[in-house]
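Okay, structure first, notes after.
Counting starts at 1 for both ligands and their atoms, in listed order.
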Amino acid sequence: MNSIDRNHIWHPYASATRPLEQFEVISAQGVYLELANGAKIIDGMSSWWSVIHGYNHPRLNAAMHAQIEKFSHVMFGGLTHAPAIKLTETLLRIVPQNLQHVFYSDSGSVAVEVAMKMALQYQVAAKKPQKRHFATIRGGYHGDTWNAMSVCDPVTGMHSLFSNSLTCQFFVSRPQSTFHGAWQESDLNEVRELFKSKHKSIAAFIIEPIVQGAGGMYFYHPQFLRGIADLCKKYNILLIADEIATGFGRSGTLFACEHAAVQPDIMCIGKALTGGYMSFAATLCSSKIAHTISENPPYVFMHGPTFMANPLACALACESINLLLETSWQANVLRIERELQHLLQALETHAAVAQVRVLGAIGVVEMHEAVDMSRIQPLFVAHGVWLRPFGKLIYTMPPYCISSEELQTVILGMIRSIEEYCV
Ligand SMILES: *Cc1c(COP(=O)(O)O)cnc(C)c1O
């Protein structure tokens, strides 16, 4: 392991003094990562949901090169450019129709901060300043910055560590009704009661539509989201859909809100937005919100990142979306879903496995016990696959371009590693 890396570079959710082994990547092509030790392994993680078209894609490379030759960045205060205009035009064609205004930022967590700030400023502008709290369900993940962290799951998130300084929010249980199971109306009881008693102090309800990602890899029933949307309307609470993980096809629809035919007031996108090439994100909102904020003091939305609407990222995102829409992404996601369902079945009867669940191009194996990363990760690599479990969850969300044969390698690698891990 490289000594500069080992001694000086901090990795995500890691110790500086006792880091786990890091595998050095020297090239990446299609679904393959080439490691410094010569191994070529298949990325079963799409680099955390983002690399949907695979690595080193000629069309994405060309889009970046073409924009670099023009200009890589200009400030967005007072200036605009074709990449931002084209991307916005493209996005407006595919997002829920009520979303008409786009605010660009540099990462998913920032897009969530922007969404929360927007919701608060809207309520102030709408003469409801006492609506200043957020509500959400347990088991969520919305990012690592301050306010985003305040709506992450209070147990698996960082709440215990920072609870004295985090804004206190309202949490309700996550729905029992799973995506494929029967709908139980009682899942909405807690929300109904919370809204009834506290709606005067709630600005918005923030939720990951259908798929809870890093907070637990859980797929819930679309009727729950529909019920939340109705209750939000009834009590004048804004609905924020965090589509940062689910956006751009991952769950089988372009956006997961579509499973429930719900139009959120505010929506966050990121991760796969640039096909996983660059950090980039956006917060979209309805005209009602944009107009209310803009027609009341201070008449502007008070946010403006330095790298807002970075032209390289915009050009890239535009090409990534074009590529997605031109390929048969939906057929690919459905094929991946069927193969995951079929092949992961083998684990359902394994003594160490609590549950196997699949939705779209996401396959999850929940173990009874938390896995030891230092022991299981080298097993995956030895079987030619890249997976990054957390807690009890071992999961894959491969690039959509993965072939059936490559997907088999990923799933068999997962199965064999679990078997070897458990002996
Ligand atoms: C990853 C993620 C975020 C945070 O995005 P970053 O780009 O890592 O800041 C927020 N919400 C959800 C649902 C995510 O999956």
Side-chain angles (χ1 to χ4, degrees), residues 10-14 45-52 95 103-119 134 136-154 156-159 169 174 204-220 225 228 239-251 253-257 259 262 264 266-284 303 305-310 313 316-317 320 359-362 364 388-391 393 395-397:
W10 220 319
H11 283 266
Y13 311 106
M45 299 295 290
S46 297
S47 275
W48 276 336
W49 314 83
S50 64
V51 182
I52 52 176
V95 297
F103 191 100
Y104 292 108
S105 61
D106 20 35
S107 78
S109 301
V110 175
V112 169
E113 297 284 335
V114 167
M116 295 175 81
K117 203 164 162 181
M118 237 177 220
F134 292 85
T136 187
I137 55 175
R138 292 175 188 276
Y141 176 79
H142 298 284
D144 291 347
T145 56
W146 213 248
N147 280 304
M149 192 163 63
S150 77
V151 285
C152 289
D153 186 85
T156 63
M158 316 281 156
H159 271 247
Q169 315 289 16
R174 75 178 184 191
F205 194 94
I206 180 167
I207 190 166
E208 294 157 279
I210 310 302
V211 177
Q212 289 191 298
M217 302 300 293
Y218 179 71
F219 314 133
Y220 63 82
L225 188 58
I228 294 280
L239 178 63
I240 303 174
D242 181 349
E243 292 259 10
I244 291 167
T246 46
F248 307 101
R250 182 57 68 180
S251 72
T253 52
L254 214 39
F255 296 96
C257 279
H259 288 291
V262 156
I266 301 177
M267 183 168 104
C268 303
I269 53 175
K271 290 201 163 108
L273 174 60
T274 59
Y277 269 47
M278 284 178 74
S279 181
F280 192 49
T283 307
L284 298 92
H303 207 95
T306 306
F307 291 100
M308 187 167 182
N310 172 260
L316 187 56
S320 175
L359 178 66
I362 314 167
V364 184
R388 182 81 179 163
F390 69 87
L393 301 165
Y395 59 104
T396 179
M397 53 248 184

Distance-only N or O hit between ligand 1 and G108, under 3.5 Å: yes
Ligand 1 N/O within reach of E208 N/O, cut-off under 3.5 Å: no
Taking every non-hydrogen atom, the tightest pair across V114 and F103: CG1-CD2, 3.8 Å
Minimum heavy-atom distance between A282 and A111, given as atom pair plus value: O-CB, 3.8 Å
Shortest protein heavy-atom distance from atom 12 (C) of ligand 1, along with the residue and atom involved: D242 OD2, 3.4 Å
Non-hydrogen atoms of A148 and M116 that approach each other most closely: N-SD, 4.2 Å
Distance from atom 15 (O) of ligand 1 to nearest protein heavy atom, with residue and atom: K271 NZ, 2.6 Å
Non-hydrogen atoms of H142 and C152 that approach each other most closely: N-SG, 3.4 Å
With F390, the ring-ring contact (aromatic ring centres under 6.0 Å, His included) member among Y141, W48, Y395: Y395
Close-contact set for ligand 1 against G143 heavy atoms, below 4.0 Å: 4 (C), 10 (C)
Shortest protein heavy-atom distance from atom 8 (O) of ligand 1, along with the residue and atom involved: S109 OG, 4.4 Å
Ligand 1 atoms in contact with S107 (distance to a heavy atom under 4.0 Å): 7 (O), 9 (O)
Part of W49 with heavy atoms under 4.0 Å of ligand 1, whether side chain, backbone, both or neither: neither
Under 4.0 Å to a heavy atom of H142 - the qualifying atoms of ligand 1, by number: 10 (C), 11 (N)
I244 versus G108, closest heavy-atom pair with distance: CD1-O, 3.4 Å
Which atom of Y104 lies closest to which atom of P305, heavy atoms considered: O-CG, 4.2 Å
